[in-house]
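The model shown is predicted, which means the values in this text are computed figures rather than measured ones. Sequence lines set the chain letters: A, B, ... in the order given, protein chains first and strands last, and positions in each chain run from 1.
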Amino acid sequence: MEESLLIIYCSEGGRKALQKMSSEGFRLPSGVCTFELPCTGRINDVMLMETLQNGVRGIFVAGCREENCKYLDGNKRALRRIKRIKKLLSDAGIEGKHIEMQTFGPDEGKRLYSAINDFAGKVGVS
Amino acid sequence: MSSNSVCIIGAGISGLTVANNLVNAGIEVTLVERNPYPGGRALFYGCKASDSCVHCGVCLIREAVMNFRRTHNIKSQFSSELTGFSRSNGEGILLEIETHPNIIDWRLCTECGKCIEACPENAVKIAPGWKYYVDSGCNDCGKCVDVCPEGAIALKRESMRESIHADCLVIASGFKPFDPSVNRKWSYGESPRIITGSDLEELFYTENYLPGVVKKSDCKRIAFLQCVGSRNVTEGGEYCSRVCCAYALQMAGRLKDEFPHTEIDFYYMDIQHFGKDFESFFGDVSRKVNFINSNPITFSVDRADRPVVRYESITEQKDKEEAYDLVVLSNGIAPGDKNEALAKMTGLSLDKSGFLYAMNGMGGVFVTGACKQPMRIEDCIEDATGVTGEVLSYLEERVQVK
Amino acid sequence: MNDKKIVAVLCDHGCRNGSKIKYDELKTNLKKSEVIEDFLLVNKACDSGVEFLDAYKGRKILFGGCSLLEERGIYSKIKERLGLKNGEFRSFDVKADLYDLYPDKVNLEELLVCKILSMGTLLYHAEPYEEERIKPAEGILVYGDGITALRTARALAEEDISVEVLETGEQFLSPGLFSQHFGRPDQRGLSSVVSADERRKSERNRVAGFKNVRFLPSDAFLSFETVEDGFVFTFKSGEKRKFGTVVIAPEREEEQSRETGALNLTDLYGKIVCGEPLKGEVVFLLDYAADTSPEVFKDVLLAGKYIKRRFASEVRILMKNAKVSVSGAQELYDECREQGIIFFKYLEDLTLKNNYGDFEIEGTDLYTGDKFLIKEPDILVIPGRSILSPRSKNFAEALELLTISDRYPQPDSLWRLPNETNRPGVFVAYPTGDNSIASLLFSVRARLSTAGIAVNEHIPVVDEDKCVYCLTCVRVCPFKAMTTDSESRVAKVLRTVCQGCGSCAAECPAEAIQLRNLTGESLYQGIRALG
Ligand SMILES: Cc1cc2nc3c(=O)[nH]c(=O)nc-3n(C[C@H](O)[C@H](O)[C@H](O)COP(=O)(O)OP(=O)(O)OC[C@H]3O[C@@H](n4cnc5c(N)ncnc54)[C@H](O)[C@@H]3O)c2cc1C
Ligand code: SF4
Ligand code: SF4
Ligand code: SF4
Ligand code: SF4
Ligand code: SF4
C-alpha cells in the first residue's frame with residue numbers, strides 16, 4: 001500500500017494510550033495499520049528498513065514514557081537506535097522523517113492522536 | 001486441605017493487589033466494592049509525566065484493573081458494602097454483604113456503547129479501563145434497557161443481602177479526599193477557578209489540564225496551595241497527608257510543560273520527600289515553579305471573577321495580594337467515612353485521627369492501604385503485598401492447628 | 001519450522017455499531033494466503049461453548065473476539081479442550097485493537113484481512129512448546145546482620161530453608177536503629193538504644209540456634225556467577241556454593257560531617273550511649289549539606305527531645321523544611337515545639353563559620369524575616385545523608401545491581417516492588433513502608449513457591465553458528481540474563497532470568513538471537529502482511 005503508515009506500539013504504555021485514544025472517540029486515519037510488540041526495545045534497523053522497503057510510507061513508534069519501561073530501558077535504547085537510523089537515512093539521501101518514535105503515558109490518548117496525525121501529515125498520508 | 005477463602009473490602013489498588021496475590025497462591029477470594037467499578041479513588045487520576053515519567057503510580061492502577069479483568073477466578077461484588085460481621089465459633093468469620101443494584105451487569109456488557117448514546121440524562125459513564133456503569137442522575141426512563149443488545153441492563157431498585165463465610169477479612173477501604181468546602185476559608189465552590197487537587201487529577205485524566213472556564217491562551221498565573229486539610233487540627237487532620245506535595249509538584253511540572261508561558265506559584269509549609277530520586281526531581285521542578293513559603297490567610301474573588309490570594313510575604317514583610325487564573329487546593333487524605341462503622345463492626349480501633357489501627361492477624365482481620373494511614377500508590381502496593389504474606393501465614397497456621 | 005496451518009476464528013457478535021462485514025469476501029481473501037487454512041465465524045463466542053472447535057483438533061487456532069472471552073476464561077477452555085500448547089494458540093481483541101480504532105466508514109474487510117494475516121503469520125512461525133517451570137536452587141544467602149537481615153533469616157529458617165548469613169561482625173549504631181526504638185513513647189533515651197542493640201544480639205542468638213543457618217564473615221566472599229537456577233558464590237576459602245536466592249539487607253551509615261568539630265547523628269548517639277552530658281546549647285543544622293529525609297528528621301526530633309528532657313539543655317533545630325511525612329512525625333514535631341525546642345526555618349543566605357570547632361551560624365529567619373546569629377554553640381550536629389556502607393555498595397555492585405548514587409542499591413521502578421531488583425532472584429531490604437519486611441518475605445516465598453519460575457514465552461534462542469561472541473547481548477540485557485559459555489564461545493541465556501524484552505535480539509550485530517515465537521522473520525512477515 002503506497003499510502004500506508006505503520007504504528008508500532010508496545011504492550012504497556014503504547015497500548016494503554018491507544019486504548020485511551022479510542023475510548024475518547026478519536027479514530028485513526030484509514031491508511032494506518034498497527035502492530036504490537038512486547039517492548040519497543042525489540043525494534044532495530046533491519047526491522048525498520050525491511051518495513052520501509054516494503055512500501056510503507058512511515059513508521060511511528062509509540063513506547064512508554066522514559067523511566068517507566070517495564071524492561072528498564074527498552075524505550076530509551078529504542079529512542080537512541082531510531083535517532084541513529086534517522087541519521088543514517090538522511091546520510092543516505094532518504095529523509096529521516098519517515099521514522100519517528102515518541103513516548104506516552106497511559107492516559108495520553110489525545111496526545112497520541114495528534115502525534116499520529118502530525119506524523120501522517122509530515123509523510124503525506126491523509 | 002479445605003480451600004481457604006478470604007474476603008476483601010475495597011477494590012482500590014490495595015485491595016486489588018491483595019486479591020491478585022492471593023488468587024495466585026490458590027486462595028478463594030471474594031472482593032466487595034462499594035463502587036460499580038474497581039480501581040478505587042485513583043482510577044480517575046491522570047498521568048503526570050513531564051519530559052519523562054515522574055513515577056506518580058497511576059500506571060499501576062491501570063495495570064491492576066487490566067489484570068483484574070483478565071483474572072476470571074476472583075469472585076467480585078460491586079456496589080456492595082459490608083453490613084454485618086460475626087464470628088462463627090472457631091470456624092472463621094460470617095459476613096453480611098449488602099448489594100445495591102448494579103444497573104449494568106458488567107459480566108454481560110460488551111462495551112458496545114449504545115447505552116451511553118441512548119441515555120438522555122448522561123447518567124451512563126465509563127470507568128477507565130473498565131466498562132460502563134450508571135451513575136446518579138438516572139431517572140428510570142429505561143431507554144438504555146431497550147437498546148442494550150446483551151440484556152445487561154436492568155432497572156431494578158431493591159438491594160440484596162447475602163451472608164458469606166470467610167477465613168479472613170482484609171479491609172482495604174481506603175480514604176476520602178479532604179473536602180475543603182467544609183471551611184469557608186478556602187472559598188471552594190465560590191468560583192470555578194478554585195479547584196482541588198482531586199479535580200485537577202480528573203482534568204489530567206481527560207487531558208484538559210485546565211477547567212473549562214480557564215482558557216489556555218489567557219491562563220497566565222496558577223497557584224498551588226499545599227496542606228489543605230492537613231497538618232492543622234483546626235482545619236483538618238493533624239498529620240501530614242504525604243501525597244499532596246508529590247502529586248502537586250508533579251502536576252505543576254507537567255502544567256508548566258503544557259503551558260510554558262504560565263507562571264506557577266507554589267504556596268507551601270514544608271516540601272516533603274518522596275521517592276528515591278527526589279533530589280533530581282525537585283531540582284527540575286524548582287526551575288519551573290516559584291516557591292512561596294507561606295500559608296495564605298484569606299481568599300476572595302475579584303471583579304473579573306479571578307481568585308485573589310492574600311498572604312504574608314516574608315521577603316517584603318507585609319501582607320500581599322495576588323490574583324490568579326486558577327487556584328489549586330492540594331487537598332490531602334482524610335479517613336474514610338466508613339472507618340468508624342467498620343471498626344465498630346470488626347472490633348478494630350481507630351487512631352486519634354480516625355484511621356484504622358492495624359493489629360494485623362488478630363482474629364483474622366487485616367488492614368491495609370490508605371485506610372490505615374496516608375500512603376501513596378506505590379506504598380499501598382508494598383503494604384498490600386506484605387499483608388498478603390501475613391494472611392497466607394495466618395491461613396497456614398490455622399490449617400496446622402486444625 | 002512448524003507447518004501446521006491456521007484456523008482463524010472470528011466472533012461475529014457485532015459488539016460494535018452497525019459493523020456489517022462481508023464475511024464471504026473476507027473468507028476468500030484469507031484463503032488465498034498460505035498460512036490460513038480455514039476461516040470460521042461464530043456468533044457470541046462468549047456464550048456458545050467451545051465444542052464447535054472439536055473438528056479442528058491438531059490445527060493452530062487464531063481467535064479474534066472481545067475482552068469478554070478473556071474475562072470468562074473462554075480462551076483457556078479452548079486451549080484445554082483442544083490440547084493446544086503454547087505457540088499453537090493466539091488471540092486478539094478485535095474490538096479494542098481493530099474496530100474501535102477506525103472510523104465507521106473504513107473498509108473493515110481489508111483491515112480485518114490484514115490483521116488476521118499478520119497475527120496468523122506470527123502464529124504460523126511460532127514453535128509449540130510446553131510451559132516450563134524451573135525451581136530455583138535451594139538455599140538462601142542473606143547479606144548483612146542488622147535486625148532486618150536477622151529477622152528475614154529467622155523467618156526463612158523457621159520454614160526449614162537453609163540460610164547462610166554473611167555478617168560483618170561489626171557493631172555500629174545506625175541511625176535506623178535509634179529511631180526504630182527511640183520512637184516508642186514508653187521507651188526513651190539511653191536504655192532503648194542499648195536495648196535495641198541487645199535485641200539484635202538476642203535475635204542473632206536465636207537465629208544461630210537453627211541447625212540450618214550458617215554465619216559467614218562478609219569478607220569471605222570472593223566472586224559470583226549466575227547459573228540457571230541461582231547464583232554460585234566462590235568464597236576465599238575456595239569453597240563454592242550455590243544459592244537460589246539472595247537477600248541483601250544493606251548496612252547503612254551516615255556520611256561524615258565535613259565541618260571538623262561538628263557531630264553527625266551517629267556521633268551524637270555515641271555520646272548518648274557513653275553517657276556524656278550534653279549540656280548547654282545544642283544546635284541541629286538540617287538541610288545544610290543535603291536535604292534531610294523524613295526518617296532523619298524524625299531521628300533529630302527524638303534526639304532533641306531526649307536531650308532537652310534529660311539535660312535540660314537548650315535545643316535549637318535549624319532547617320529549611322520540616323520533613324514530617326512518616327508516621328508520627330507531625331505529632332512529634334508539635335510535641336517538641338510544646339516542650340520548648342526552638343525551631344528556625346532559615347532562608348538561603350545562611351552562613352556557617354568554623355573557627356577550629358567554634359561555630360558561628362548566621363542567617364535569616366523565614367517567619368520573622370529577622371537575622372539571627374548563633375555563636376559558639378556547645379554542640380553542633382549536622383546530620384549526614386544515610387548512605388550505603390562501602391562494603392554493602394561493593395557487594396551490590398559485584399552483583400551488578402543498578403546501584404544509583406551511593407544511597408540506594410536500586411533506582412525507583414514502578415514495575416517492581418521496592419525489594420525487587422533488576423536481577424530476578426536478588427532482593428534488597430529497603431525500609432520504606434511499615435510492612436517492608438513482610439513484603440520482602442512475601443517476595444522471597446513467592447520465588448520459592450512449589451511451581452517454580454516460569455520460562456518466558458519470548459525467551460531468546462542463540463544461533464551458535466552465527467554468534468561471534470561479541471558480548472553485545474551480555475552488555476545490553478537489562479536483567480543480566482545473558483551469560484557466556486567460555487568453552488564453546490557463544491552467548492547463553494539464563495532461562496529463569498530472561499523477561500523476554502527483545503533488546504538482545506535487536507542489538508545483536510550478527511543477528512544470532514531470535515526470540516521464541518517472535519523471531520525476526522516472523523516479525524518482518526507479520527508486518528509485511530499488514531501492507
Ligand atoms: C488528590 C489526590 C491525589 C493523589 N495523587 C496521587 C498520585 O499522583 N500518586 C500516588 O501514588 N498517590 C496519589 N494519591 C494517593 C492515592 O489516591 C492513594 O494512595 C490510593 O488511592 C489508596 O488506595 P487504596 O486502595 O488504599 O484506597 P482507595 O483508592 O480509596 O480504594 C478503596 C476502595 O474501597 C471502597 N470502599 C470503601 N469503603 C467500603 C466499604 N465499606 N465497603 C465496600 N467497599 C468500600 C471504595 O469505594 C474504594 O474503591 C492521591 C490522593 C489524593 C487525595
Ligand atoms: S507519570 Fe505516572 S502515569 Fe505517567 S507514565 Fe509515569 S507513572 Fe505512569
Ligand atoms: S448497551 Fe449494554 S452491552 Fe452495550 S455498553 Fe451498554 S450495557 Fe454494555
Ligand atoms: S505532603 Fe506536603 S502538602 Fe501534603 S500535608 Fe504533607 S506537607 Fe502538606
Ligand atoms: S550479541 Fe549476538 S553475536 Fe554477540 S555474543 Fe550475543 S549472540 Fe553472540
Ligand atoms: S530478551 Fe531481554 S531479558 Fe531476555 S535475554 Fe534478551 S535482553 Fe535479556
Checking heavy atoms, do the side chain of [X], its backbone, both or neither come under 4.5 Å from chain B?
X        : answer
C:Leu68  : side chain
C:Asp47  : neither
C:Leu414 : both

Main-chain N/O of [Y] paired with [X] side-chain donor or acceptor, under 3.5 Å:
X        : Y        : value
C:Asp412 : B:Lys276 : yes
B:Asp270 : C:Asn321 : no
B:Glu378 : C:Pro418 : no
B:Glu382 : C:Ser439 : no
C:Lys95  : B:Glu111 : yes

Can you tell me if B:Phe291 has over 12 outside heavy atoms packed within less than 6.0 Å of its CZ?
yes
May I ask you to check whether over 12 heavy atoms, not counting those of C:Glu159, lie within 6.0 Å of atom CD?
yes
I'd like to check [X] versus [Y] (side-chain heavy atoms, cut-off strictly below 4.5 Å). Are they in contact?
X        : Y        : answer
B:Glu238 : C:Tyr333 : no
C:Lys44  : B:Glu150 : yes
B:Ser353 : C:Gln330 : no
C:Glu331 : B:Lys352 : yes

Which atoms of [X] are under 4.5 Å from chain C, going by heavy atoms: the side chain, the backbone, both sets, or neither?
X        : value
B:Val387 : both
B:Phe68  : neither
B:Cys109 : backbone
B:Phe274 : neither

Spatial distance of atom [atom1] ([X]) from atom [atom2] ([Y]) [nearest 0.5 Å]:
X        : Y        : atom1 : atom2 : answer
B:His273 : C:Ser293 : NE2   : OG    : 6.0 Å
C:Phe442 : B:Ser393 : CZ    : OG    : 10.0 Å
B:Ile271 : C:Ser325 : CD1   : OG    : 11.0 Å

Salt bridge present between C:Arg407 and B:Glu279 (N-O < 4.0 angstrom):
yes
If you tally heavy-atom pairs under 4.5 Å between each of B:Arg231, B:Arg70, B:Met269, B:Glu312 and chain C, the highest tally belongs to B:Arg231
In terms of heavy-atom pairs under 4.5 Å with chain C, the winner among B:Glu390, B:Arg69, B:Gln272 is B:Gln272
ring-ring contact (aromatic ring centres under 6.0 Å, His included) filter on C:Tyr346, not counting sequence neighbours, yields none
Taking a cut-off of under 4.5 angstrom between non-hydrogen atoms, the residues of residues 71-78 of chain C near chain B are C:Glu71, C:Arg72, C:Gly73, C:Ser76
